[in-house]
Amino acid sequence: MERGTLAQIDLRCLKHNLACVRKYAPHSKIMAVVKANAYGHGLLPVTKALAQADAFAVATLNEGIQIRQSGSQKPILLLEGFLSQRELEACAQYQFLIVVHHQRQIDLLAAYQGPYQFSVWLKVDTGMHRLGFNLSQFELAEAQLRTLSSVDPHIRLMSHFCCADEQGSSATQVQLERFKHLSAKWQGEKTLANSAGIIQWPESHFDWVRPGAMLYGISPVIGQSAQSLGLKPVMTLQARVIAVNKLSAGEHVGYGACWTSAQSTHIAIVSIGYGDGYPRSASSYTEVIINQHRYPLAGRVSMDMIAVDIGLDSGIKPGDRVECWGASMPIDNVAHSASTIGYDLLLRLTSRVGLEYIE
Ligand SMILES: *Cc1c(COP(=O)(O)O)cnc(C)c1O
């Protein structure tokens, strides 16, 4: 029997969100970020639906290879580049664009013997201090790359924001100024903006934008709902009611007996838990939707089940469908009640949760 626990992926909403990116950044090309299995939405169905994107960006070689082998001819950028001669050869074989962020990579490019000319995005660290050449190493890195026959002379420039999700962040202002300063003398293409930059910092758009979160309909801006930004949630996580039990006032529910009913009520037991990726840290203020109404959790999240306080008159019965997040319940709300972010929830879903696509 079907357990009824699944994630519906509405590819129409994905396309809508891509069109939104175009509206926010009408003069930029779009590099759709599809790393981590397209933020949990399924790499190949997502890249297929994003046929209108100008390029894809991934974190790992394997992700890029899967896209290529599915038949896509689009440019694919490896955001973390390569770490060995073997990986570099794979980049040539699959014609990946590469991020160069470290001297070791320049040395590997210098030692490369093959016939391929690599398209390089040179990464500068404008303040995130994760990947990239710092401002004092940067000119030397560029000069070295320009001497290499293995590197296409149209070198592009990139950097990444650390705080663009905060409204009016001074750190973002500093990063933007640094990048603008470098880009003033830069002939090739440039990219800086992630989703939050696309929405909040139009000056950061440059030639290419790199949306991830907003494509999937999660809000990249702290304190603003996805809906208010014009985005539609792509994933709706569903489960089913498997039991409804009556509870008297003063009785407790679940492991640790840490939730007690204030009055007599009904508790719906629902077919999802942390074994599916529903966050164990979800507090009792977290809500789910059953038959168009919101109800709060009661007690701790178990591995395979959650308990929901549905009151006395809901009419809810076993078999009824439950929405944990998605079309009617913003994932950002659930993330907030579980002390995390939407990105994290999407990526926690386990293989037990099937993905079902709506074209
Ligand atoms: C993940 C990532 C993005 C996309 O970020 P979102 O906040 O999801 O839009 C863009 N650029 C780089 C370098 C990334 O690692």
Side-chain angles (χ1 to χ4, degrees), residues 14 17-18 20-22 24-25 28-41 43 46-47 50 53-61 63-64 67 75-82 96-102 105 120-133 156-167 169 171-172 175-176 179 189-202 204-224 226 229-231 233-235 331-332 335 340-348:
L14 186 71
N17 295 337
L18 180 67
C20 262
V21 176
R22 287 248 184 257
Y24 277 105
S28 306
K29 285 185 266 187
I30 300 176
M31 193 186 290
V33 181
V34 294
K35 60 192 180 191
N37 197 28
Y39 291 49
H41 293 69
L43 183 60
V46 164
T47 49
L50 291 177
D54 301 291
F56 295 120
V58 295
T60 70
L61 253 177
E63 293 164 340
I67 300 174
I76 299 174
L77 176 64
L78 281 191
L79 290 171
E80 288 153 38
F82 53 95
F96 295 149
L97 287 77
I98 48 183
V99 170
V100 170
H101 55 80
H102 199 276
Q105 295 175 310
V120 166
W121 282 94
L122 178 57
K123 188 157 190 179
V124 56
D125 177 14
T126 51
M128 172 137 187
H129 303 318
R130 191 174 64 178
L131 292 183
F133 293 93
R156 302 169 171 100
L157 181 66
M158 81 179 280
S159 192
H160 192 49
F161 283 134
C162 62
C163 304
D165 54 338
E166 294 166 19
Q167 301 190 33
S169 142
T172 304
Q175 286 192 274
L176 186 55
F179 195 81
E189 291 184 317
K190 300 149 202 132
T191 180
L192 178 56
N194 55 0
S195 298
I198 291 166
I199 289 170
Q200 300 209 94
W201 304 85
S204 73
H205 290 173
F206 296 98
D207 303 288
W208 287 84
V209 291
R210 308 190 309 269
M214 70 184 293
L215 286 177
Y216 308 100
I218 62 178
S219 172
V221 180
I222 296 168
Q224 283 195 41
L229 298 170
L231 304 171
V234 175
M235 178 192 289
I331 191 170
D332 301 300
T340 183
I341 57 175
Y343 300 57
D344 178 37
L345 293 188
L346 289 172
L347 288 169
R348 275 195 216 182

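Atoms within each ligand, like the ligands themselves, are counted from 1 in listed order.
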Practice problem: Assess the pair Phe179 and Phe206: is the distance between their ring centroids shorter than 6.0 Å? | Solution: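 Judged by ring-centre distance (under 6.0 Å), Phe179 and Phe206 do meet the cut-off.
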Self-check item: Arg210-His160 side chain donor-acceptor pair, cut-off 3.5 Å
Solution: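 Yes.
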Quiz item: Mind checking whether Trp121 and Trp208 have parallel, tilted or perpendicular rings, split at 30° and 60°?
Solution: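 Ring orientation, 0 to 90° scale: perpendicular.
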Heavy-atom contacts with [X] under 4.0 Å: which atoms of ligand 1 show up? List them by number with element.
{"X": "Tyr39", "result": "1 (C), 4 (C), 5 (O), 6 (P), 8 (O)"}
{"X": "Tyr343", "result": "6 (P), 7 (O), 8 (O)"}
{"X": "Arg130", "result": "15 (O)"}

A side-chain contact here means heavy atoms from C-beta on lying under 4.5 Å apart; do [X] and [Y] qualify?
{"X": "Leu215", "Y": "His41", "result": "no"}
{"X": "Ile331", "Y": "Pro233", "result": "no"}
{"X": "Pro220", "Y": "Leu229", "result": "yes"}

Under 3.5 Å: N/O of [X] near N/O of ligand 1:
{"X": "Lys123", "answer": "no"}
{"X": "Pro211", "answer": "no"}
{"X": "Ala213", "answer": "yes"}

Quiz item: Out of Lys35, Arg210, Met214, whose heavy atom is nearest to atom 11 (N) of ligand 1?
Solution: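 The residue whose heavy atom sits nearest atom 11 (N) of ligand 1 is Arg210.
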